[in-house]
Each structure stands twice: as structure tokens, then as C-alpha cells.
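The structure appears below as C-alpha cells.
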Amino acid sequence: MEWMAKWIKPAQDMGDVCPVYVKDFPGGKDVAKAVLYITAMGVYEARMNGQRVGKFVLAPGWTSYETRHQYQCYDVTPLLGKGDNRLEVIVGKGWYRSPIPGWLKDEEREARSKLPAGLIAQLSVEYADGKTEVFGTDESWLAGESQVRFSEIYDGETYDAGFVTKDYLNAECFEKGTDNLIPQQGEEIREMETVAAVSVFQAPNGETVVDFGQEVTGYVQFCVNAHAGEMVEISHGEVLDKEGNFYNANYRAAKAKITYTCKEGEQTWHPQLTFFGFRYIRLDKFPGTPRPEQFAAIAVHSDMKRTGWLECSNPLLNQLFSNILWGQRGNFLDVPTDCPQRDERMGWTGDAQAFIKTASYNYDVQRFFTKWLADMAADQCPDGSIPHVIPALSVGSGSAAWDDAAAICPWQIYLTYGDAGILRQQYDCMKKYIGFITSSTKDPYLWTGGTHYEDWLGLDAPVGSYKGSSRADFIASAFYAHSTHLVVKAGKVLGEDVSEYEALYQKIVETFRKTFPDYRTQTEYVLAVHFDLAEDLQKTADALAQKVIEDGSKLQTGFVGTPYLLHVLSGYGHTDLAYTLLLRTEYPSWLYPVTKGATTVWEHWDGIMENGDFWSTDMNSFNHYAYGAVADWVYEEAAGIHTMEDAPGFAKVRIAPKPDPRLEWLGAAIHTRHGLIRSRWSWADKALGAKQVRYEIITPVPALIEIDGQEKWVEAGEYIFFGK
């Protein structure tokens with residue numbers, strides 16, 4: 001792509017008002033094709049002759065802008081008229097110029113807030129006679145104040161429907177290169193679903209609240225019949241307090257508010273340049289008597305194809321499956337954010353690596369993660385550590401399990417989709433990360449020292465701690481071993497010489513076993529088994545099961561141990577206990593939030609406590625997807641669908657369901673690169689035997705099927721089995 005355009009900015013100081021850039025293009029010629037190339041320092045919305053260009057919401061998305069700034073390419077031929085044509089582009093702050101992260105006040109944040117609302121665009125027009133004309137941004141473009149009087153990621157949007165832009169000035173060009181501009185790599189963010197309001201009610205404190213019945217990431221669209229100058233003010237929230245009043249103190253500093261000045265008559269509006277995480281809205285001002293049909297929640301997220309389905313006989317479990325899907329959709333908004341509502345919304349690496357297997361079964365996320373991991377490689381620190389959030393911000397680097405996303409995520413994408421390109425793209429990043437640990441540890445062949453998030457939010461944490469009771473050096477050393485092993489595997493796929501890493505891995509395992517002969521927490525047992533570090537895996541898994549029982553048959557793990565807990569139990573003969581944890585409804589459990597009305601996955605198991613109080617206002621998101629990682633256990637162990645490392649991408653499959661009599665039936669399906677794989681089991685009619693199980697399996701690829709302890713290979717096809 002050769003840029004024949006310049007970066008432009010408004011000549012006038014507009015404060016918080018979003019500028020609108022305007023360019024008129026002469027018509028009168030027969031146009032064969034017209035293509036618009038465009039990006040901005042912020043987020044933009046472009047309109048040609050009043051019609052929106054493309055479906056990309058919050059374009060150009062969020063990347064490591066200094067090295068990888070995406071531009072978009074739109075075919076605008078159908079939008080051109082025979083006469084003169086007008087292109088208008090509104091630019092908001094977006095991620096580029098918002099105070100991200102919202103709770104830090106640093107030089108980087110201050111510098112970001114002072115950046116101009118830059119735009120670069122060029123319209124390439126090919127005429128019927130074969131001639132081509134290019135109209136690029138330059139001083140001839142005009143800039144003025146738009147109807148969007150304020151827009152920011154955390155605080156919301158202010159819009160004046162009655163404002164008319166009059167004072168346009170020629171834009172100014174400024175020095176900024178184009179070498180970092182890259183074609184669109186990730187999925188576009190789009191409006192994906194509309195959720196109608198369920199009710200409008202008056203809360204006990206007299207406030208008017210709208211309930212959409214589902215937590216959504218996106219924005220509200222409302223219609224209203226009003227007089228010019230009347231105001232609509234809306235605040236967003238995830239939950240109600242125990243009295244039934246609107247609540248959003250957990251948003252911290254994020255104002256999450258929209259303000260709309262009406263024009264005369266019927267009108268419909270939604271924000272253009274920001275997003276919110278919410279189930280409820282409070283109508284701080286609204287003309288007339290609001291009715292549910294006046295409100296809709298528009299869900300926006302990266303345009304991913306749904307590929308995974310889970311369903312069973314237990315309604316609470318089905319609600320959990322729904323919550324996991326909504327949590328993924330709400331947080332896969334160009335980057336895998338931790339949460340969509342408060343003054344954070346960043347691409348935390350720890351959350352991403354914990355959830356990536358589930359993510360890749362639920363949706364096709366190959367392109368999504370290919371783009372995000374490329375940002376990770378671009379933002380990798382000079383010492384090889386990985387920033388805690390990608391795109392990188394001033395929140396540090398070098399934490400075990402978080403940094404390990406550098407190895408875990410590429411490997412999982414390879415396993416799910418069978419494309420070694422992601423390993424090729426990330427292999428240097430993976431190796432540099434192992435080099436960082438090796439050079440920074442205090443003790444050879446372990447990872448000791450440093451500052452880690454540890455088993456974040458572990459339920460066995462001492463009072464006043466978020467980090468659980470598992471030893472930091474234990475967790476870090478275990479992940480050091482695991483990521484080194486993944487580098488070995490990735491290198492072999494790529495045909496690289498991995499002898500150095502194989503030797504390192506063996507030394508790490510030997511040293512780990514000598515240093516940590518005992519295990520003290522559920523998470524330590526889990527990691528020792530799941531990462532093949534314990535000398536006797538079966539004995540250690542048995543000890544884990546015993547500890548879980550002694551702990552009251554409930555989990556005590558945090559971000560590090562929870563994703564693997566059920567896998568370890570069911571992998572070593574304790575499937576019944578794994579189901580006990582999955583089906584538990586008391587706190588702490590996956591189903592406890594469901595009993596409290598959750599429609600997405602919570603950050604804390606007891607975000608709303610049993611007495612109705614909130615866990616905290618400081619860090620209490622009700623849309624945090626990481627603990628939804630339990631879904632990959634349901635796909636793989638309960639339903640039994642496993643990809644095989646020697647045939648990645650489900651080129652071959654192992655299907656080994658593990659039924660439990662506490663469920664009448666359970667089914668799963670994954671649409672793979674080779675077709676739909678489905679596994680379903682149900683308890684058969686009692687006339688056939690009380691313990692008899694019916695298995696229904698569809699596999700488009702050769703499959704190793706394990707039923708009732710018997711193994712057999714089958715060719716692609718459809719199968720029905722009865723168990724014993």
C-alpha cells in the first residue's frame with residue numbers, strides 16, 4: 001500500500017468535542033470502482049453521502065499503535081452518486097487517546113491525552129475510461145465540531161442532535177509516518193445482536209431503571225418523542241443492590257454515562273464512538289413516560305463465528321454455558337479484555353491464557369488471537385518478559401502464568417486449528433520469554449525471585465491478600481517448565497533444533513522435584529500433575545482429590561489452578577468429584593453466581609455474597625470471563641471430545657465421554673476445520689438397564705472412541721452406542 005495522503009488534524013482547539021472531517025469530491029464521471037483507505041488516531045466513523053461506510057464499529061480497533069496501526073479498506077462504489085460526493089469522518093478518542101488504564105496517572109497517560117485527533121485517508125477512484133484519481137487527506141480537507149460533543153472509552157458520550165456544524169477550517173498536516181500502518185489483521189468489531197428491554201421499573205429509591213435481562217457489552221439505542229433541547233441522561237450498571245436499587249460503584253472512576261440533547265420530534269439514537277458493559281440503565285433524565293419498547297441493547301464484539309455448543313439436562317448448568325458465551329463475546333472486543341465496564345478493559349495476558357482453550361472451542365478465534373499475539377511479540381520487553389496487558393500499558397511485566405500466555409496461547413491456537421503459521425509467527429517471542437526467565441531467576445532451573453500475581457484470587461488466600469496461599473516460586477517454576485516444554489513442542493513442529501530446550505526442560509523438572517517434594521494447596525497439586533512435574537502423577541492426583549474432600553468438597557483455587565482442576569481430577573479416576581464441583585450450587589462454585597441471577601461469569605465467586613452484600617466496590621466485575629475456562633472440561637471430559645497432538649486441528653479425534661448419573665443427558669459439538677464433531681450421552685430407558693448409557697457420536701474424521709473402558713478406531717461417520 002502506497003500512501004499518497006498526509007496525516008491531518010483540526011486547525012482549531014476543540015477541547016473534548018470530536019472533530020468531523022469533510023471532503024467534497026467532484027462527480028459527473030462514470031465510476032468503475034472506488035476504494036477508501038482510512039485510519040485514525042482514535043476511533044472513527046466514516047459516512048459517504050450520509051451513508052455509513054462499512055460495518056466496523058470502533059475502527060480501527062486496538063493494537064500496539066506505534067508499531068502496528070491497522071488501516072481499513074472499504075469498497076465505497078455503491079455509495080457514490082452521479083453528482084458531487086461528500087465524505088465525512090468523525091474521530092473520537094478511542095483507545096489511542098483515552099486515559100487507559102483509568103486508575104493510573106503517569107506521563108504516558110498525560111502524553112496520550114494531548115495527542116491530536118489525527119486522520120489519514122485516501123479515496124482511490126477508478127473511472128470507466130480506465131483513469132484513476134486519488135484524493136488523499138491534506139490541507140484541502142475541512143475540520144469542524146461535530147454533534148458528538150464528548151466521547152471517551154470509560155466516561156461515555158455526549159451528543160447534541162440540534163447542533164449544526166458551521167465553522168469549518170482547513171485541516172492542518174502534521175509529521176507522522178506511515179511505516180507502522182498495516183492492513184486490517186484482526187476481526188472487525190461489529191454490531192452482532194440486539195437485546196430488547198425486558199422491563200422499565202421504579203426502584204425502591206424512586207429512580208427509573210431499565211432491565212435488559214442480560215449483561216451486554218455495547219451500547220443502548222433509544223427512541224423518544226421530544227422537544228428540541230430536552231435532555232436524555234443515562235447511567236449504566238451491571239447489577240442491582242440487595243434493596244433492588246441501581247448500582248454501579250464497581251465501575252470505579254468510569255462515569256459510563258451518555259447525555260443526549262434532543263431535536264424536535266421522533267428520534268432514535270445510540271452512541272457511535274464508545275462502548276459500555278451493562279445489564280441495567282438508570283434514566284437520570286428522559287422525556288415522557290419510558291416504555292420497554294423504546295430501548296434496546298446493541299451487543300458489539302469481534303466478528304467471530306460460533307463453533308461450539310454445550311447443552312445438558314440441568315437448567316442451571318445450561319445458564320452457566322450461556323454465561324460463558326456472553327462473557328467471551330463481551331470481552332472479545334478486538335482484544336481479550338478482562339472486563340468491559342470499569343476503568344480498566346485491558347488485554348490481560350493471564351485471563352487470556354486461562355481461557356484460550358474454551359475460547360477456541362466456543363468461537364473461531366484464530367484470526368482474533370493471531371492479531372493479538374502479533375501485538376504481544378511487538379510489545380515484548382527488551383529483556384524478553386511479557387507486559388501484563390497487551391497492547392502494552394504501564395502496568396508492568398514478568399509475572400508467571402500471565403507472561404506464559406506467550407507460549408500457551410500460540411500452542412493452543414495451533415492445536416485447535418492445525419495451522420503452524422501461528423507458531424512460526426510467535427516462535428521467537430516464545431524463546432525470548434524462556435530466555436528472560438533463565439537469565440532473571442535467582443536459582444538455576446527454577447524461577448525464583450521477582451514479583452508475581454501468583455494464584456490470583458485464590459480462595460485459600462490469607463486475610464487481606466488477593467494472591468492465594470500457593471507458593472510464588474512453586475507456581476513460577478511450574479510454569480517455567482510448562483512453557484519450556486511448549487517451546488520444545490513448537491520447535492519440533494517447525495523443524496527447529498530444540499536440543500537446548502529439551503536439556504533445559506529436563507533440568508527444570510529434576511530441580512523442581514528436588515525443591516518441591518511436597519504440595520500444600522489445591523493449586524500446587526493441580527500444577528504438579530497437569531504439568532507432569534510430580535514423580536507419581538496418580539498418587540498426587542489422589543492426594544488432590546482427598547484434599548478437595550477435606551476442604552469441604554469445594555474448590556479453593558484461583559486464576560492459576562482453576563482452569564486445570566477438573567481436568568486433573570477426571571484424568572486420574574476422580575470424575576465423580578469433578579462433577580461434584582461442577583454441579584455445586586453453594587459458594588464457592590460455578591453455579592453459585594447462577595443462583596444469584598448472573599448472566600455472565602463473575603470476577604469473584606461471591607461478587608454478590610449470600611447476604612446480598614457486594615464483595616467489594618474496588619475490584620468486583622460481573623463480567624470477567626476467565627473462570628469460564630471450565631467449559632473446556634465439559635467439551636473434553638464430560639462430552640469427551642479431544643484433539644490429538646499428532647493430528648492438530650481435529651484432523652483425528654479421540655472421543656471418550658464420561659457420563660454422570662446426576663445429569664440425565666449432556667451433549668457437545670465443535671465445528672472444526674474438518675467439519676462438525678458431536679458427542680452426546682444420555683441414560684437409556686430403564687427397561688434396557690438402569691445403568692445403561694446411550695452414546696451418539698458424529699465424527700467427520702477418523703476417531704479413537706473410548707466407551708466403557710474399551711477403545712476402537714472408527715472411520716469418519718455417525719455412530720450410536722449403548723453402554724453396559
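Treat the numbers as computed from the prediction; the structure is a model and nothing was measured. Side chains are part of it too, since the values below use all heavy atoms of this structure and drop only hydrogens, waters and symmetry mates. All residue numbers refer to positions in the sequence shown, counting from 1.
- Side-chain contact, R662 with T580: a donor N or O sits under 3.5 Å from an acceptor N or O.
- A salt bridge links D646 with K652; the closest basic N to acidic carboxylate O contact falls under 4.0 Å.
- Put simply, the side chain of T672 does not reach to within 4.5 Å of the side chain of Y417, judged on heavy atoms.
- The heavy-atom pair separating T337 from R345 by the smallest distance is CG2-O, 3.3 Å.
- The closest donor-acceptor contact from the side chain of N362 to the backbone of W309 lies at 3.5 Å or more, if one exists at all.
- Between Y466 and Y453, the distance separating the two ring centers is not shorter than 6.0 angstrom.
- One finds a salt bridge joining D334 and K371 here, because a Lys/Arg side-chain nitrogen approaches an Asp/Glu carboxylate oxygen to under 4.0 Å.
- Between Y625 and F332, the ring centre distance stays below 6.0 Å.
- Residues W372 and T349 have side chains in contact (heavy-atom distance under 4.5 Å, counting atoms from C-beta outward).
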### Message
Set out, in order, the CA-CA distance, both residues' side-chain angles and the distance that settles ring-ring contact (aromatic ring centres under 6.0 Å, His included) for F512 and F474, then state yes or no.
### Response
CA-CA 8 Å; F512 184 93; F474 185 106; 5.0 Å; yes

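- Contact annotation: the side chain of Y445 approaches that of L504 to within less than 4.5 Å [non-hydrogen atoms, C-beta and beyond].
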### Task
Mind running side chain to side chain donor-acceptor pair (under 3.5 Å) on D379 and S64 for me, showing each step along the way?
CA-CA 7 Å; D379 282 347; S64 301; 2.5 Å; yes

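- For Q412 (side chain) and K357 (main-chain N/O), no donor-acceptor pair under 3.5 Å exists by modelled atom type.
- Contact check for W590 versus L566: side-chain heavy atoms found under the 4.5 Å cut-off.
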### Task
Output, in order, the C-alpha distance, side-chain angles, deciding distance and verdict of side-chain contact (heavy atoms from CB on, under 4.5 Å) for W348 and F559.
CA-CA 12 Å; W348 283 95; F559 266 45; over 6 Å; no

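- When side chains are defined from C-beta on, N331 does not count as touching H624, because their heavy atoms never get closer than 4.5 Å.
- Atom CG of L393 and atom CE of M346 lie 6.0 Å apart (nearest 0.5 Å).
- Summarising the geometry of D542 relative to Y572, their closest heavy-atom pair is OD1-O, 4.1 Å, with the distance given to 0.1 Å.
- Aromatic pair W615/H604: ring centres closer than 6.0 Å.
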#### Entry: Full working for side-chain contact (heavy atoms from CB on, under 4.5 Å) between L446 and Y480
CA-CA 7 Å; L446 298 172; Y480 182 22; 5.6 Å; no

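- To the nearest 0.5 Å, the span separating CH2 on W411 from CG on L423 amounts to 6.5 Å.
- Of the possible polar contacts, none joining the N318 side chain to the E311 backbone as a donor-acceptor pair under 3.5 Å is found.
- When only modelled atom types and interatomic distance are considered, S397 and S385 share a side-chain donor-acceptor pair under 3.5 Å.
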### Task
Just do the side-chain contact (heavy atoms from CB on, under 4.5 Å) check on L591 and L320 with the steps written out, would you?
CA-CA 7 Å; L591 295 184; L320 174 64; 4.0 Å; yes

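- Aromatic pair F650/H674: centroids not less than 6.0 angstrom apart.
- Between D428 and K431 there is a salt bridge, with a side-chain nitrogen of the basic residue lying less than 4.0 Å from a carboxylate oxygen of the acidic one.
- Using a 4.5 Å cut-off on side-chain heavy atoms (C-beta onward), F436 and D403 make contact.
- Ion pairing between K596 and E610 fails under the 4.0 Å rule for side-chain N and carboxylate O.
- Distance check, rounded to the nearest 0.5 Å: OH of Y525 to OG of S470 gives 11.0 Å.
- Residues T441 and D443 have side chains that never bring a donor and an acceptor to within less than 3.5 angstrom of each other.
- Checked by atom type and distance alone, the side chain of S399 never pairs as donor or acceptor with a backbone atom of W402 at under 3.5 Å.
- Of the inter-residue distances, the one linking C409 atom SG with Q353 atom CD reads 6.5 Å to the nearest 0.5 angstrom.
- In this structure, T438 contributes its side chain and I434 its backbone to a donor-acceptor pair below 3.5 Å.
- Ion pairing of R520 with D518 is present here, as a side-chain N (NZ or NE/NH1/NH2) and a carboxylate O approach within less than 4.0 Å.
- Here the side chain of D606 pairs no donor or acceptor atom with the backbone of I608 at under 3.5 angstrom.
- Partner of Q328 under the side chain to side chain contact (heavy atoms under 4.5 Å, CB included) criterion, chosen from V365, T600, N323: V365.
- Classification of E603 and R342 as a salt-bridged pair holds, one side-chain N sitting under 4.0 Å from a carboxylate O.
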### Query
Given the rule in the side-chain contact (heavy atoms from CB on, under 4.5 Å) test, do W62 and I100 qualify, once you have shown the distances and angles that lead to the verdict?
CA-CA 12 Å; W62 191 8; I100 296 174; 4.0 Å; yes

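- Classification of the Y587-Y592 ring pair by plane angle, with boundaries at 30° and 60°, yields perpendicular.
- If you check the side chains of D419 and Q366, you find a donor sitting under 3.5 Å from an acceptor.
- Taking 4.5 Å as the limit, every side-chain heavy atom of K442 sits out of range of all side-chain heavy atoms of W447.
- Residue V529 comes nearest to A541 through the heavy atom pair CG2-N, 3.8 Å, listed as atom of the first residue, atom of the second, then distance.
- The neighbour count for K489 NZ, taken as heavy atoms of other residues, nucleotides or ligands under 6.0 Å away, is above 12.
- Looking only at distances, a side-chain donor or acceptor of R513 sits under 3.5 Å from a matching main-chain atom of L533.
- Within the 3.5 Å criterion, the main-chain N or O of Y695 finds no donor-acceptor partner in the side chain of R680.
- Without hydrogens or angle criteria, S483 side chain to A407 main chain gives no donor-acceptor distance under 3.5 Å.
- Rounding to the nearest 0.5 Å gives a distance of 10.5 Å between CG of L544 and CG of L527.
- Between H452 and D473, the side chains place no donor N or O within less than 3.5 Å of an acceptor N or O (distance only, hydrogens not considered).
- Within the 4.5 Å cutoff, side-chain heavy atoms of Q556 are placed close to those of D551.
- Nearest heavy atoms, I707 versus P657: CD1-CD, 3.9 Å.
- Each of D460, D455, T557 was scored for a side chain to side chain contact (heavy atoms under 4.5 Å, CB included) with Q522, with one residue passing: T557.
- With rounding to the nearest 0.5 angstrom, the NE2 atom of H301 is 9.0 Å from the CG atom of L333.
- At least one donor-acceptor pair closer than 3.5 Å links the side chain of D497 to the backbone N or O of S499.
- Test Y361, Y579, Y564, Y627 against W633 for ring pair (Phe, Tyr, Trp, His ring centres under 6.0 Å) and you get one pass: Y579.
- Smallest separation of non-hydrogen atoms from E238 and Q341: OE2-NE2, 2.9 Å.
- In this structure, the ring of H482 has its center less than 6.0 angstrom from the ring center of F531.
- Ionic pairing of E636 and K658 is not present here: no N-O contact between side-chain nitrogen and carboxylate oxygen is shorter than 4.0 angstrom.
- Contact between T511 and P444 at its shortest, heavy atoms only, is CG2-O, 4.0 Å.
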